[in-house]
Amino acid sequence: MSSLTTKYIEIQNVEQTFKTKKGPFCALQDINLTVAKGEFVALIGHSGCGKSTLLNLLAGLTMPTQGTLLCANREIAGPGPERAGVFQNHSLLPRLTCFENVYLAVERVFAATENKAHLKARTDAALAMVGLTAAAQKRPGEISGGMKQRVGLARALAADTDVILMDEAFSALDPLIRADMQDQLLQLEKNLSKTIVFITHDLDEALRIGAQIAILKDGKLVQVGTPDDILNRPANDYVARFVQRRTGAAVAHHD
Ligand SMILES: Nc1ncnc2c1ncn2[C@@H]1O[C@H](COP(=O)(O)OP(=O)(O)O)[C@@H](O)[C@H]1O
Ligand SMILES: [Mg+2]
């Protein structure tokens, strides 16, 4: 989205139509969006507007009915080593410890090229990044929802991808833990210069953590801009109303 920096993710004229019993349903239409390397984009919209559909395309889990998605100048044709996903249902394996859950992801990516000591070091480092060193030997049933979410994030970080795709990853967290996770994520983004596409249906969350905000309505992007653009220069009545309803959270500063 920034013209000064390199384009890293490019979504070009993307359309996604699903076949349903009632006929074709167009979930995404005319989607054009560019994300620069190291940029933090919050994709926001009400339930059912097509957010997960778009994230699944970026993750390479599905293919668009029209248009192209590129990452690092290559067409996205499946899951790739430069992209990792964090989802709302963190899907941890219940019998494995936090360490083992993260280690599995590390093994998948690096087992072919690195020895066990390196894999273990990567796992320890990822757990440390999200503040879970002390909980490494606990199982999912023994930790809080926020900690489980952090294990999910550690798994994505451990895979050491350039891009992290997050689909309502913090939605199930209670407000205090959620704010804490948002701060941690911003810090990680700064320190590791990850490219992050963060889906949320919460405008306050988007304004707080997104350097760029893309607003999706009924499968179309209605505005892409900075938090300041969205708040002070809404592109249309829909965005203006969306903004008016917000409860008033602080806007984080990206620099
Ligand atoms: N595989 C599918 N088949 C048919 N319709 C789908 C499919 N996936 C999503 N949809 C529809 O597309 C719309 C957007 O869904 P989704 O991307 O999950 O929304 P969001 O994540 O913004 O809540 C919804 O109306 C949903 O019912
Ligand atoms: Mg969704």
Side-chain angles (χ1 to χ4, degrees), residues 1 7-18 25-29 31-45 47-93 101-102 104-110 126 148-172 181 185 188-189 192-201 205-206 209-210 212-214 216 219 221 224:
M1 266 170 281
K7 289 176 184 175
Y8 195 61
I9 295 172
E10 288 176 77
I11 303 173
Q12 299 167 339
N13 306 314
V14 160
E15 181 201 284
Q16 185 71 306
T17 301
F18 293 113
F25 174 78
C26 185
L28 292 174
Q29 209 178 336
I31 304 291
N32 286 284
L33 184 67
T34 304
V35 183
K37 193 158 186 168
E39 194 164 52
F40 195 133
V41 181
L43 179 66
I44 176 162
S47 178
C49 72
K51 301 182 297 293
S52 294
T53 302
L54 188 54
L55 203 82
N56 288 340
L57 289 169
L58 287 170
L61 300 175
T62 48
M63 296 300 284
T65 40
Q66 273 189 52
T68 315
L69 295 103
L70 301 169
C71 184
N73 294 317
R74 278 188 306 273
E75 189 165 351
I76 295 174
E82 75 286 356
R83 285 164 283 131
V86 186
F87 301 93
Q88 191 174 350
N89 311 319
H90 21 73
S91 61
L92 303 180
L93 295 171
N101 266 286
V102 177
L104 268 186
V106 173
E107 217 173 19
R108 205 172 303 139
V109 183
F110 299 105
K148 279 186 243 187
Q149 203 62 69
R150 278 190 274 164
V151 178
L153 185 56
R155 227 170 18 183
L157 292 170
D160 204 19
T161 55
D162 290 337
V163 180
I164 299 186
L165 305 168
M166 303 181 70
D167 193 353
E168 311 230 15
F170 298 162
S171 299
M181 287 292 288
L185 188 65
L188 287 169
E189 187 235 5
L192 308 174
S193 62
K194 299 273 183 197
T195 306
I196 299 177
V197 180
F198 185 98
I199 286 187
T200 177
H201 62 255
E205 183 165 70
I209 64 180
Q212 291 283 345
I213 296 176
L216 199 59
L221 279 177
V224 180

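What you see is a predicted model; the values in this text were computed from it and never measured.
A donor-acceptor contact shorter than 3.5 Å is absent between the side chain of Glu10 and the backbone of Ala72. Not one N or O on the side chain of Thr200 forms a donor-acceptor pair closer than 3.5 Å with the backbone of Glu205. Checking side-chain atoms of Ser193 against main-chain N and O of Gly38 turns up no donor-acceptor pair under 3.5 Å. Between the Arg83 side chain and the Leu58 main chain, a donor and an acceptor come within less than 3.5 Å of each other. In this structure a side-chain-to-backbone donor-acceptor pair under 3.5 Å is missing from Asn13 to Gly67.
Shortest non-hydrogen contact noted between Pro81 and Thr161 is O-CG2, 3.2 Å. Of all heavy-atom pairs spanning Leu70 and Gln12, the tightest one is CD1-NE2, 3.9 Å. In plain terms, the two heavy atoms of Gly152 and Leu92 that are nearest each other are N-CD2, 4.4 Å. Heavy-atom minimum distance, Ala42 versus Gly210: CB-CA, 4.1 Å. Shortest non-hydrogen contact noted between Val224 and Ala214 is CG2-CB, 4.1 Å. Shortest non-hydrogen contact noted between Ile9 and Cys71 is CG1-SG, 4.3 Å.
Side-chain N/O atoms of Thr53 and Gln16 include no donor and acceptor closer than 3.5 Å. Asn56 and Thr62 are not linked by any side-chain donor-acceptor pair at a separation below 3.5 angstrom, with hydrogens and angles left out of the test.
Contact check for Ser47 versus His201: no side-chain heavy atoms found under the 4.5 Å cut-off. At least one side-chain heavy atom of Ser91 sits less than 4.5 Å from a side-chain heavy atom of Arg155. Inter-residue side-chain proximity for Val102 and Val151 is flagged as met; some heavy-atom pair is nearer than 4.5 Å. With contacts defined as side-chain heavy-atom distances shorter than 4.5 Å, the pair Leu33/Leu221 qualifies. Residues Val35 and Ile11 form no side-chain contact, since every pair of their non-hydrogen atoms from C-beta on lies 4.5 Å or further apart. Side chains of Ile31 and Leu216 form a contact here, defined as non-hydrogen atoms less than 4.5 Å apart.
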side-chain contact (heavy atoms from CB on, under 4.5 Å) between Thr17 and Gln66, worked out
CA-CA 9 Å; Thr17 301; Gln66 273 189 52; over 6 Å; no

Could you go step by step and tell me if Met166 and Leu153 meet the side-chain contact (heavy atoms from CB on, under 4.5 Å) rule?
CA-CA 9 Å; Met166 303 181 70; Leu153 185 56; 4.1 Å; yes

Chi angles and distances behind the side-chain contact (heavy atoms from CB on, under 4.5 Å) call for Asp160, Val109
CA-CA 9 Å; Asp160 204 19; Val109 183; over 6 Å; no

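The only member of Thr34, Asp162, Thr195 that meets side-chain hydrogen bond (donor to acceptor under 3.5 Å, both in side chains) when paired with Tyr8 is Asp162. Tested against Lys194 for a side chain to side chain contact (heavy atoms under 4.5 Å, CB included), the candidates Leu185, Leu157, Val163 yield a single pass: Leu157.
The CG atom of Leu55 sits 5.0 Å away from the CG atom of Asp167 when rounded to the nearest 0.5 Å. The distance from the CE atom of Met181 to the CZ atom of Phe170 is 4.0 Å, given to the nearest 0.5 Å. Separation of atoms CE (Met63) and CG (Leu69) is listed at 8.0 Å; rounding is to 0.5 Å. Separating the CG atom in Leu28 from the CZ atom in Phe18 is a distance of 7.0 Å, to the nearest 0.5 Å.
With sequence neighbours excluded, no residue forms a side-chain hydrogen bond (donor to acceptor under 3.5 Å, both in side chains) with Thr68. Applying the salt bridge (Lys or Arg N to Asp or Glu O under 4.0 Å) test to Glu168 and every residue at least two apart in sequence or in another chain returns Lys51.
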